[in-house]
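First comes the structure, then the notes that go with it.
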Amino acid sequence: MEYNFDKKIDRSKNHSAKWSEMDKHYGSNDLLPLWVADMDFEVAPEIYDAMKEKLEQRIFGYVYRPSSYYESACEWTKRRYGYEIQPNTLIHSPGVIPSISLIIRLFTRENEKILIQPPVYAPFSSVVKKNKRTLITNPLKQVDGRYIIDFDDFEEKCKDPDLKWFILCNPHNPVGRVWTKEELTRIAEICLKYNVRVISDEIWRDIVYKNYKFTPFASISKEVEDITITCFSPTKTFNIAGLQASFVQFPRKEELEAFQDELAVLDIRRNNAFSLVAIEAAYTKGESWLNALIDYLEENYNFLEKYIKENIPKIKIIKPEGTYLVWLDFRDFKLSDKEISTILQEKAKVALQEGLIFGEEGRGFQRINIACPRYILKEALIRISKAFN
């Protein structure tokens, strides 16, 4: 089946945060939005059909979760990554960040140290700090236009007996790395050596480009699986983030039960009527659409790379291995972050995500979302070129 990712879609009446909440962050909605990480593409037809069938039932009461819901996630993980997990190790949650926050609350103590690798997804630092834990950083190193892990520093931080947990972002947002099995194995060896548990955020696991391979962290070995709590979801993959659903994989039954009990206290255990059918349809019928999407995203990246090199060569591009986000280096302009953002917003009329929100290591960078029809990406790049040239 062919899919039209170039289709023009008006999201002005879509209640879209991406298109209609820019005024809260940028002071205007009169910008091209390439900031929030959702896509300007229609969902896979199979997802639409499943939701339409549910809609036509005309009743949206509480839903129960059939066994096929968790089984679909397990079968998808085995088929795509060769990693076998069991339905009884999974639990439904409203989202990955709420899950990480709840894990921190349940399994760490106040002021206990938690490690992250900036520049990284901003909520990682906020959930640590807002839960009154101590944030420790292992900044990634940029070498020849590619980010790598500073393993000497990583091990030094893990030696601290007060550091009990590490939050891994794989694939990494915003720098786009898909960590290799060798890199993950080295992380695992250090964590096992110093008794550091791992929360692995794998929400981007399905969007990986050609010549790269995603490895679930818990699949490294049974020992590693035992120290890892994995958070994943098809919501980024299939553009259904507004349905508020994710999975958490627990290796330890007592931790799953504690998490489940806490969801019960908050009364947020259930799916909504549409996420239930959409997620199962995505995992059982959406693979063809996803493969076509990845091809289109890779073409979008190639277009962006060529355009920037020919028209705005001062912007250096960090080539993504996964995600639909591209990390752009504006430092050659010798401008402050405020000046870069002002030019983008007031002259180019484009909304990108400022690098500083991902940590001090993001100074001088901007993140652009390329999950849009090419005509939008082209228009944004033309505007940026005119503004900076």
Pairwise distance CE(Met39) to OH(Tyr296) - rounded to 0.5 angstrom = 12.5 Å
Looking at Arg79 and Glu287, does any basic side-chain N land under 4.0 Å from a carboxylate oxygen?
-> yes
More than 12 heavy atoms from other groups under 6.0 Å of CD on Glu223 = no
Tell me, do Leu140 and Glu361 make a side-chain contact under 4.5 Å, heavy atoms counted?
-> no
Pair Tyr301-Tyr209, ring pair (Phe, Tyr, Trp, His ring centres under 6.0 Å): steps then yes or no | CA-CA 10 Å; Tyr301 171 75; Tyr209 299 125; 7.3 Å; no
Determine whether Arg252 and Asp226 make a side-chain contact, defined as any pair of heavy atoms from C-beta on separated by less than 4.5 Å.
-> yes
Can you tell me if CD on Glu53 sees more than 12 non-hydrogen neighbours from other groups inside 6.0 Å?
-> no
Under 3.5 Å side-chain donor-acceptor pair for Arg374 and Asn300 | yes
How far apart are the C-alpha atoms of Phe41 and Tyr3, what are their side-chain angles, what is the distance that settles it, and do they pass the ring pair (Phe, Tyr, Trp, His ring centres under 6.0 Å) test?
-> CA-CA 10 Å; Phe41 305 131; Tyr3 306 97; over 10 Å; no
Does the cation-pi check pass for Arg177 over Tyr147, that is, NZ or CZ under 6.0 Å from the six-membered ring centre and within 45° of its axis?
-> no
Could you tell me whether Arg11 atom CZ has more than 12 heavy atoms of other residues or ligands within 6.0 Å of it?
-> yes
Does a side-chain N-to-carboxylate-O contact under 4.0 Å join Arg186 and Glu183?
-> no
What residue pairs, at least two apart or across chains, pass side-chain hydrogen bond (donor to acceptor under 3.5 Å, both in side chains) with a residue in residues 116-127?
-> Gln117-Asn138
With a cut-off of under 6.0 Å to the ring centre and 45° to the axis, is Lys8 in cation-pi contact with Tyr375?
-> yes
Does Glu189 pair with Lys193 as a salt bridge, N-O distance under 4.0 Å?
-> no
Would the number of heavy atoms belonging to other residues, nucleotides or ligands and lying under 6.0 Å from NZ of Lys316 be above 12?
-> yes
Kindly state whether the ring of Phe365 and the ring of Phe358 have centres lying under 6.0 angstrom apart.
-> no
Return yes when atom CZ of Arg269 has more than 12 non-hydrogen atoms of other residues, nucleotides or ligands closer than 6.0 Å, and no otherwise.
-> no
